There are 2 protein chains.
Amino acid sequence: MKIHAMQVTVDLVILTIQEQQLRVLLVKRGVPPFAGEYALPGGFVREDESLEEAAARELEEETGTKDIFLEQLYSFGDPRRDPRGRVITIAYYALISPDRARLAAGTDAAGAAWYPVSGVPKLAFDHQDILDVALGRLRGKLEYTTVGFELLPKKFTLSDLQQMYEVILNKSLDKRNFRRKVQALEILRPLKEWQRTGRKPARLYSFVPRN
Amino acid sequence: MKIHAMQVTVDLVILTIQEQQLRVLLVKRGVPPFAGEYALPGGFVREDESLEEAAARELEEETGTKDIFLEQLYSFGDPRRDPRGRVITIAYYALISPDRARLAAGTDAAGAAWYPVSGVPKLAFDHQDILDVALGRLRGKLEYTTVGFELLPKKFTLSDLQQMYEVILNKSLDKRNFRRKVQALEILRPLKEWQRTGRKPARLYSFVPRN
DNA sequence: CCAAAAGTGTTAGGAGTACACCCATGG
DNA sequence: CCATGGGTGTACTCCTAACACTTTTGG
């Protein structure tokens with residue numbers, strides 16, 4: 001019986017918020033195929049590691065950070081998605097807060113940088129599809145989970161929180177309704193600290209998961 | 001550079017409703033590993049087919065039917081999930097209505113049969129995990145989509161519809177509230193036909209997707 | 001004193017939930 | 001005539017959405 005061996009990779013959609021924009025980490029490819037074009041970071045799954053471990057390893061290689069939100073997204077396996085041969089990829093997405101969104105030393109040389117998701121350059125392979133799925137998933141989960149807090153620093157103002165939702169959902173929200181709704185969730189701990197950068201000082205909050 | 005080649009399979013969670021129970025199609029394994037135990041149907045992805053095509057092919061091989069709901073579920077890649085070696089699997093789930101849930105000729109010999117999801121026998125590999133993910137996905141999607149209709153024949157009564165929801169969610173629903181809610185969705189076309197099996201004849205409806 | 005962002009309540013409409021009885025038919 | 005499942009309405013609560021002004025500070 002013929003053994004159907006294939007190459008298996010993980011690709012990562014690493015998202016953060018910078019300058020009021022949702023941004024994705026892209027690397028500039030140095031070698032063919034698609035040399036000079038942009039791509040999602042990723043790499044081969046090793047013999048002795050799970051898919052999740054491979055994704056976490058790649059994530060740490062790119063960002064130097066381990067303990068950030070990481071979730072499997074979808075698997076892509078069109079026979080012609082990689083011109084070099086049959087490669088199937090398990091895509092993951094990660095969320096990282098702006099205060100931790102530094103790039104690992106050396107990745108800068110590889111051309112890794114944060115690009116606004118609205119207006120990414122043309123992507124290699126089927127990576128635009130992968131990005132689209134990631135954005136859809138994030139928008140969906142934002143509505144019924146608290147994943148969004150992964151994109152905020154530990155201390156944040158209610159305006160920060162609202163802006164995060166507005167940036168991801170790409171629509172503006174009513175300030176009063178928004179505040180009433182999140183307060184009702186009982187997941188915000190008001191701190192005795194105020195952010196004094198703007199005009200009127202804004203109260204800082206921290207996120208306390210329910211249960 | 002070392003090439004990390006792995007074997008890639010698709011596994012299928014094929015669900016239907018029979019005798020007021022949600023049931024899953026299982027095959028009895030004839031060869032090691034796990035010979036004699038039950039497993040989800042599945043098989044290797046061929047060189048020239050996409051993951052979706054592989055899943056659809058396996059589905060047709062088992063059920064003889066092509067045009068049924070099929071959606072990618074999750075990928076499983078623990079290095080030790082298959083004792084024969086490194087095999088990663090892309091799991092799909094399919095929904096088939098009871099009037100089409102016949103098994104393909106010859107599959108009966110392979111021991112394929114429908115088992116109630118509450119009370120499946122012990123499953124080979126990590127197939128219990130896969131089944132659990134499928135049930136969670138189905139329950140989630142039931143709340144905000146119309147996938148449930150994939151489990152009903154073309155013509156059904158409102159009681160059939162409600163029973164389908166109750167069986168999947170494993171809780172009873174209020175008849176009046178349920179009917180008001182589904183009628184408000186404007187996805188039901190009342191037919192000029194009645195099911196005369198019970199005592200009082202029940203009106204039949206068909207599903208008309210919105211938009 | 002002015003510009004900028006923080007903060008705060010009320011009302012109206014829609015959705016969800018709880019709840020009980022009559023109807024049509026087959027046996 | 002009776003057992004069985006089919007079919008229907010109302011009241012209350014809660015969530016959502018629309019909407020505008022005052023407060024605090026820095027410059």
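Fair warning: this is a prediction, and the values are worked out from it, not measured in the lab. Numbers restart at 1 for each chain; the letters A, B, ... are given by sequence-line order, proteins then strands. Because only heavy atoms are used, hydrogens play no part in the values below, and waters and symmetry mates are left out as well, while side chains stay in.
- One finds no side-chain N or O of B/R203 lying less than 4.0 angstrom from the OP1 or OP2 phosphate oxygen of D/dG6.
- Residue B/E143 contributes atom CD, which lies 13 Å from atom C1' of C/dG16 at whole-angstrom precision.
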Strictly under 3.5 Å: I want the nitrogen or oxygen pairs between protein and nucleotides 25-27 of chain D, one per line.
residue, atom, partner, partner atom, Å
D/dG26, N3, A/R199, NH1, 3.3

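- In this structure, B/R57 pairs ionically with B/E61, as a charged nitrogen and a carboxylate oxygen lie closer than 4.0 Å.
- Between A/E193 and A/K155, at least one side-chain N (NZ, or NE/NH1/NH2) sits under 4.0 Å from a carboxylate O, which counts as a salt bridge.
- Shown here is A/R139, whose CZ atom has more than 12 heavy atoms of other residues, nucleotides or ligands within 6.0 Å.
- Under 4.0 Å is where a charged nitrogen must lie from a carboxylate oxygen, and between B/E71 and B/K141 at least one such pair does.
- Within the 3.5 Å criterion, the main-chain N or O of B/T63 finds a donor-acceptor partner in the side chain of B/T65.
- A straight line from CD of A/Q183 to P of C/dG9 spans 11 Å, rounded to a whole angstrom.
- If you check residues 156-167 of chain B against DNA chain D, the residues with a heavy atom closer than 4.0 Å are B/S159, listed by number.
- Ring-centre distance between A/F125 and A/F76: not below the 6.0 Å cut-off.
- Distance, A/F178 CZ to C/dA6 P: 12 Å, rounded to whole Å.
- For B/R203 and B/D160, the salt-bridge test fails: no basic side-chain N is under 4.0 Å from an acidic carboxylate O.
- Aromatic rings of A/Y93 and A/F69 (six-membered ring for Trp) have centroids within the 6.0 Å cut-off, being under it.
- For A/F156 and A/Y205, the ring centers sit 6.0 Å or farther from each other.
- Screening A/L131, A/L73, A/T89 for a side-chain contact (heavy atoms from CB on, under 4.5 Å) involving A/D11 leaves a single residue, A/T89.
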What's touching nucleotides 14-18 of chain D from the protein side, N or O pairs under 3.5 Å?
residue, atom, partner, partner atom, Å
D/dA17, N7, A/N177, OD1, 3.3
D/dA17, N7, A/N177, ND2, 3.4
D/dA18, N7, A/N177, ND2, 2.9
D/dA18, N6, A/N177, OD1, 3.0

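- The distance from atom NZ of B/K175 to atom C1' of C/dA18 is 15 Å, rounded to the nearest whole Å.
- In this structure, the separation between CD1 on B/I68 and CD on B/E150 is 9.0 Å, given to the nearest 0.5 Å.
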